Amino acid sequence: MRNNSVAVLDIRSSEITAVVGERGVNNTFIIKSKFSCDYDGYAEGELLDVDNFSEAVTDVLKSTVTSLKGVRSVYVGVPGEFIRLVNTDKVVSFPAVKKITARDCECLAEMSAPYESDEYRTIRHSCLYYVLSDKRKVIDPVGELSDSLQGKFSFYQCRNDFIDILLDVFKKFGNIAHINLIPTIHAEGTYLIEPEKRDEYAVLVDLGYISSTYSVVCGNGLAFSESFSVGIGHIAVYLSNELDIPFEVATAFLTMVNLNAKEKLHSYEDYVYEGKVYSFPTVMLRDKIREGLDGICETLEECRYSFKEKNLETRPLNITGEGVKVIRGTAEHLSNRLVKNVEIVSPRVPYYDKPHFSSLLSLLDTAIKDKKSTYSKLYN
């Protein structure tokens, strides 16, 4: 594999994707190999079927990474369900005014590091912002003059049992010597949200199929993050139970209904499954789907109230993930229900400018930046 290419594994709550790519012109990407595989997913911080997960990871790696020579390491995106975010705020004083160095920042990070436990291990850290002795907040203090340095850090800790499962899978691939764990919530926050918006706190919601995450992005890190096992797939389950129809039929109806369409009292939606025709009034389906989305709205409100550090009332809700485009009119309904401006965010690159590519390209962007630095933390 060429030196400027990276291999990435994106683990969503219903699909796993492996990709090998590199940076293109104007911050685009060149995808050299890509393969996706459905699997049972995860919920409540647990894989629903470990064997099924391991088989899916094996399949996507065999179909992409192992087909290319020279792949020695893989960057793995760790879902929010398996991440514990720990924020710390530390300050160090110097005997006199001095020019801040990169080593000063490293020492402050080391001082700020939280304890690890038998259950969690730190896989990455980032600094939201630094504060100098003149009270100025800066993202990069190197070269600044100050007699003190304060830093607010994000430490991302991953569950050890999830790491162990990954390592067992990678043992099958003798040519892969290392895996580098990247918190997907961090990659998305810093890639999808523009720096000027992050400086003033920004809210990002990744609406998945089984699991979703609410995050507050600030500077180069996260001030808050909470994952919850509710996604667009749960609306299909709700519709299936309410109307007593197969899950596959309910899933099809989700894609057929437009929440923004004008009410047509005599309009019906039809779907044929295993030789049987299922037909329901469009108005009924629309109401049931809205009820399901209202449940997600309630959870988002709970997350908002849990973050008390800053008032986010005037901040728009940035939303991404594969659940955004399944039901037409999802963003508009969330906006009306939450009484808040909702903006759909996605990668700003041709072809991949869709919300369901957000995590994959965010991880790819982070991996490429890591490869150019010495920051990467490897497990072997």
Side-chain angles (χ1 to χ4, degrees), residues 11-15 41-48 78-85 87 159 183-186 188-189 192-193 201-218 222-242 247 250-251 254 257 259 286-345 355-356 358-359:
I11 302 170
R12 301 295 297 175
S13 59
S14 63
E15 181 183 70
Y42 50 80
E44 305 298 336
E46 299 286 346
L47 292 167
L48 298 180
V78 181
E81 291 258 5
F82 304 97
I83 291 291
R84 179 172 66 182
L85 176 67
N87 290 115
R159 289 183 52 156
T184 302
I185 52 176
H186 169 80
E188 286 188 324
L192 297 175
I193 307 298
Y201 290 83
V203 179
L204 176 64
V205 174
D206 184 330
L207 181 59
Y209 194 77
I210 300 176
S211 174
S212 304
T213 302
Y214 177 101
S215 299
V216 178
V217 189
C218 179
L222 299 184
F224 176 84
S225 185
E226 185 170 330
S227 295
F228 49 94
S229 298
V230 178
I232 214 71
H234 291 82
I235 299 178
V237 173
Y238 176 74
L239 200 62
S240 174
N241 293 335
E242 287 290 303
F247 177 78
T251 300
L254 291 186
V257 174
L259 300 182
R286 193 178 295 139
D287 288 343
K288 295 296 182 183
I289 292 172
R290 284 171 175 161
E291 290 174 7
L293 283 173
D294 286 346
I296 293 178
C297 288
E298 291 175 3
T299 304
L300 294 178
E301 284 288 84
E302 292 175 2
C303 292
R304 182 172 68 87
Y305 290 133
S306 296
F307 180 69
K308 304 182 185 302
E309 182 176 319
K310 193 174 184 65
N311 189 340
L312 302 175
E313 288 292 337
T314 60
R315 300 289 190 273
L317 186 69
N318 299 283
I319 186 169
T320 195
E322 67 270 24
V324 175
K325 293 294 186 178
V326 173
I327 304 170
R328 286 172 291 172
T330 293
E332 291 81 359
H333 181 79
L334 294 180
S335 178
N336 294 332
R337 177 67 170 75
L338 298 171
V339 193
K340 182 178 289 292
N341 182 27
V342 174
E343 300 177 2
I344 298 176
V345 293
H356 61 274
S358 287
S359 58

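Fair warning: this is a prediction, and the values are worked out from it, not measured in the lab.
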A side-chain contact here means heavy atoms from C-beta on lying under 4.5 Å apart; do His333 and Asp294 qualify?
yes
Measure the spacing between CD of Glu302 and CZ of Phe228 and express it to the nearest 0.5 Å.
9.5 Å
On a heavy-atom basis, which atom in Ala250 and which in Ser240 lie closest, and how many Å separate them?
CB-N, 3.8 Å
Tightest non-hydrogen contact, residues Ala202 and Ile193, listed as CB-CG2, 3.7 Å
Would you mind reporting whether Cys297 and Leu334 have side-chain heavy atoms less than 4.5 Å apart?
yes
Between Asp206 and Ile185, is a side-chain contact (heavy atoms from CB on, under 4.5 Å) present by the stated rule, with each step listed?
CA-CA 9 Å; Asp206 184 330; Ile185 52 176; over 6 Å; no
side-chain contact (heavy atoms from CB on, under 4.5 Å) between Leu254 and Ile289, intermediate numbers included
CA-CA 7 Å; Leu254 291 186; Ile289 292 172; 3.8 Å; yes
Quick check against the 3.5 Å criterion: does Ser212 have a side-chain atom that pairs as donor or acceptor with the backbone of Val230?
yes
Do Leu293 and Leu259 come close enough that some side-chain heavy atom pair is under 4.5 Å?
yes
Indicate the atoms forming the closest heavy-atom contact of Arg12 with Gly208, along with that distance.
NH2-CA, 4.0 Å
Please report the shortest heavy-atom distance between Thr184 and Ser359, naming the atom on each side.
CG2-CB, 3.8 Å
Rounded to the nearest 0.5 Å, how far apart are NZ of Lys310 and SG of Cys218?
8.5 Å
For the atom pair NE2 (His234) and CG (Leu239), what is the distance rounded to the nearest 0.5 Å?
14.5 Å
For Ala43, is there any backbone N or O sitting under 3.5 Å from a side-chain donor or acceptor partner on Ser229?
no
Minimum heavy-atom separation for Leu222 to Asn87, with atom names?
O-ND2, 2.9 Å
Within-4.5 Å side-chain heavy-atom neighbours: Glu226 and Thr213
no
Non-neighbouring partners of Phe82 that pass ring pair (Phe, Tyr, Trp, His ring centres under 6.0 Å), sequence neighbours left out:
Tyr42, Phe162
Under 3.5 Å: donor-acceptor pair, side chain of Lys308, backbone of Tyr305
yes
Taking side chain as C-beta onward, heavy atoms only, is Ser225 less than 4.5 Å from His186?
no
Nearest heavy-atom contact between Pro355 and Ile344 is CG-CG2, 3.7 Å
Got a second to check how far Arg315's CZ is from Tyr201's OH, nearest 0.5 Å?
9.5 Å
Measuring from atom CD of Glu81 to atom CG of Leu47, what distance do you get when rounded to the nearest 0.5 angstrom?
10.0 Å
Residues in side chain to side chain contact (heavy atoms under 4.5 Å, CB included) contact with Glu46, at least two apart in sequence or another chain:
Arg159
Starting at CD1 of Ile232, measure out to CD1 of Ile210 and round the result to the nearest 0.5 Å.
12.5 Å
Measuring only between side-chain heavy atoms, which start at C-beta, is Leu207 closer than 4.5 Å to Thr330?
yes
Using modelled atom types only, decide if a donor and an acceptor are shared between the side chain of Thr320 and the backbone of Val345 within a distance under 3.5 Å.
yes
Can you name the residues that form a salt bridge (Lys or Arg N to Asp or Glu O under 4.0 Å) with Glu332, not counting sequence neighbours?
none
Could you go through the side-chain contact (heavy atoms from CB on, under 4.5 Å) check for Leu192 and Asn318 one step at a time?
CA-CA 9 Å; Leu192 297 175; Asn318 299 283; over 6 Å; no
Is the ring pair Tyr214/Phe224 parallel, tilted or perpendicular, if the boundaries are 30 and 60 degrees?
perpendicular
